[in-house]
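Counting starts at 1 for both ligands and their atoms, in listed order.
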Amino acid sequence: MTTVVSADQLSDLHRAAADLRSGRLVAFPTETVYGMGADAGNPEAVAQIFEVKGRPHSDPLIVHCYSFEQSTRFISPDTTEWQHRVYESLAKAFWPGPLTLILPSHPVRIASVVTGGSGWVGLRCPNHPVALSLLQECNVPVAAPSANLFGHVSPTGAQHVLSDFPDVDNLLIVDGGECGIGIESTVIRINADRSVDILRRGGVGKSEIVDLLVKSAVFDDLETAFGKVRIIEKFVIQQTDSSSLPAPGQLLVHYAPRLRTQMVRIRESDDSGVCELDFHQLAKTVVIDFAGVLKRLDGVCGFYRDLSVDGSSCEAAHRLFSFLRWAEDRALGDMDDWQIWIVNPSIISQIPERELLSAVADRIFRAASGRTAVVTFKPGSDRVFFSTR
Ligand code: TXA
Ligand code: MG
């Protein structure tokens, strides 16, 4: 049976720490999203994470630590000096914070089920008081993926976790309120060949990483650093078995809401090749906008919300996952009749805070599984037309 406790009660935090130590699952808040935690040194405890989430075993888990010093225990003695230098520079600059560093894994202290057998471990120190005190008190490394069913939208509140896992034996959810950032950490791998791969975009951008690595003299100049720090672009495929992917978790069908989701943009045209949308379909369409670019659909569609009227990337990141879950909850009756239209991020590329916005755009792209559509307003007509691409 799932139990939710408040992070405000010290006795409940003690209980959560004790549960982690004894091999149970504890969901807890971080500054990015909620995590589903288990003792990373205990293979049976970690196995439960894969089981309850329905996650493929090939997809490695991030190990959460309360400090850089603690995290050093979990890397392989074979880690090169250069890898160590980059790791220390980045951890000291960005931890606690939304950055996961992947390094060769310690062969004994981290269960191989955590690394998906890859020999690499992702380490992260979250910037959240509840997460940090929990990690400190339990004093074990905590493996924690986002606390959602595999492939579903990540959770930014305790209720989201509860709604995906309403009835799991011995699952404790620590409610610490809404997550501040709202999208998952940036994931980077520090390679032995003196390069760095960004496997997932997040709260820390490439330019911040590059700047820091030049400042700490890891690279001689910005040009070299920009070449050596590469963003590994998403995998545009649809499959549920991730075993053949070089960057696990880069599936296109990721963060998918339960309603059919498309990225849309609006245009004004006399194009006769588009079909008129019927009223019933629009009434069962939930629109998620950004900076008012789809405003014309407000009042025409069933439900409408804007991620950030002011065009703030931070606000959009903070709200994206909870808005996707809100949209799911609008569907009454047959879910198949409903759809989500979300702003196509390509039209909002002029906004400042570009790096965070591209992390948001990445999630939108995946939520829509890459599907795009165009909504056409014919000049002089108040009817809405529609075409897919
Ligand atoms: O913000 C976050 O990172 C959240 C909070 C709870 O910390 N965690 C999270 O975990 O998003 P998860 O498992 O949902 O996503 C982690 C991503 C996955 O795509 C996984 O494949 C990748 O990081 N990853 C983790 N360890 C890895 C490793 N050793 N090698 C390659 N990729 C790894
Ligand atoms: Mg996840």
Can you sort out which atoms of ligand 1 are near [X], meaning under 4.0 Å from one of its heavy atoms?
X	result
Ile62	3 (O), 8 (N), 9 (C), 10 (O), 16 (C), 25 (C)
Thr32	1 (O), 2 (C), 4 (C), 5 (C)
Ser185	1 (O), 2 (C), 3 (O)
Gly35	6 (C)
Val187	23 (O)
Trp120	29 (N)
Arg55	12 (P), 13 (O), 14 (O)

Check your understanding: What part of Met36 sits under 4.0 Å from ligand 1 if we count only heavy atoms: the side chain, the backbone, both or neither?
Key -> neither
Exercise for review: Mind checking whether Arg189 contacts ligand 1 via backbone (N, CA, C, O), side chain (CB onward), both or neither, at a 4.0 Å heavy-atom cut-off?
Suggested key: neither
**Study point:** Side-chain donor-acceptor pair present, Asn170, Asp19, cut-off under 3.5 Å
**Key:** no
Exercise for review: Report yes or no: do Asp164 and His152 form a side-chain donor-acceptor pair below 3.5 Å?
Suggested key: yes
Exercise for review: Indicate the ring-plane relationship of Phe323 and Trp326, choosing parallel, tilted or perpendicular according to the 30° and 60° boundaries.
Suggested key: tilted
Check your understanding: Counting backbone and side-chain atoms alike, does Ser154 have an N/O/S atom under 2.8 Å from the Mg ion (ligand 2)?
Key -> no
Check your understanding: Does Glu81 pair with Arg85 as a salt bridge, N-O distance under 4.0 Å?
Key -> no
Exercise for review: Could you tell me whether Ser146 and ligand 1 have an N or O pair separated by under 3.5 Å?
Suggested key: yes
Check your understanding: Judging by distance only, is a nitrogen or oxygen of Thr30 under 3.5 angstrom from one on ligand 1?
Key -> no
Check your understanding: Taking the side chain from Asn344 and the backbone from Arg265, do they hold a donor-acceptor pair closer than 3.5 Å?
Key -> no
Check your understanding: Any donor-acceptor pair under 3.5 Å linking the side chain of Arg124 with the backbone of Leu101?
Key -> no
Exercise for review: Would you indicate whether Gln159, at its atom CD, is surrounded by more than 12 heavy atoms from other residues, nucleotides or ligands within a distance under 6.0 Å?
Suggested key: no
Check your understanding: Would one find more than 12 heavy atoms of other residues, nucleotides or ligands at under 6.0 Å from atom CZ of Arg194?
Key -> no
Revision key, fill the gap. By side-chain hydrogen bond (donor to acceptor under 3.5 Å, both in side chains), Glu88 pairs with (sequence neighbours left out) Lys92
Point to revise | contact_flag Thr115 ligand 1 heavy-atom lt 4.0 Å | key: no
Proximity winner for [atom], if only heavy atoms of [options] are counted:
atom	options	value
atom 24 (N) of ligand 1	Pro60, Gly37, Gly122	Pro60
atom 16 (C) of ligand 1	Arg200, Glu184, Lys53	Arg200
atom 33 (C) of ligand 1	Ile102, Val121, Leu61	Ile102

**Study point:** Gap separating the CD1 atom of Ile188 from the CZ atom of Arg230, nearest 0.5 angstrom
**Key:** 12.0 Å
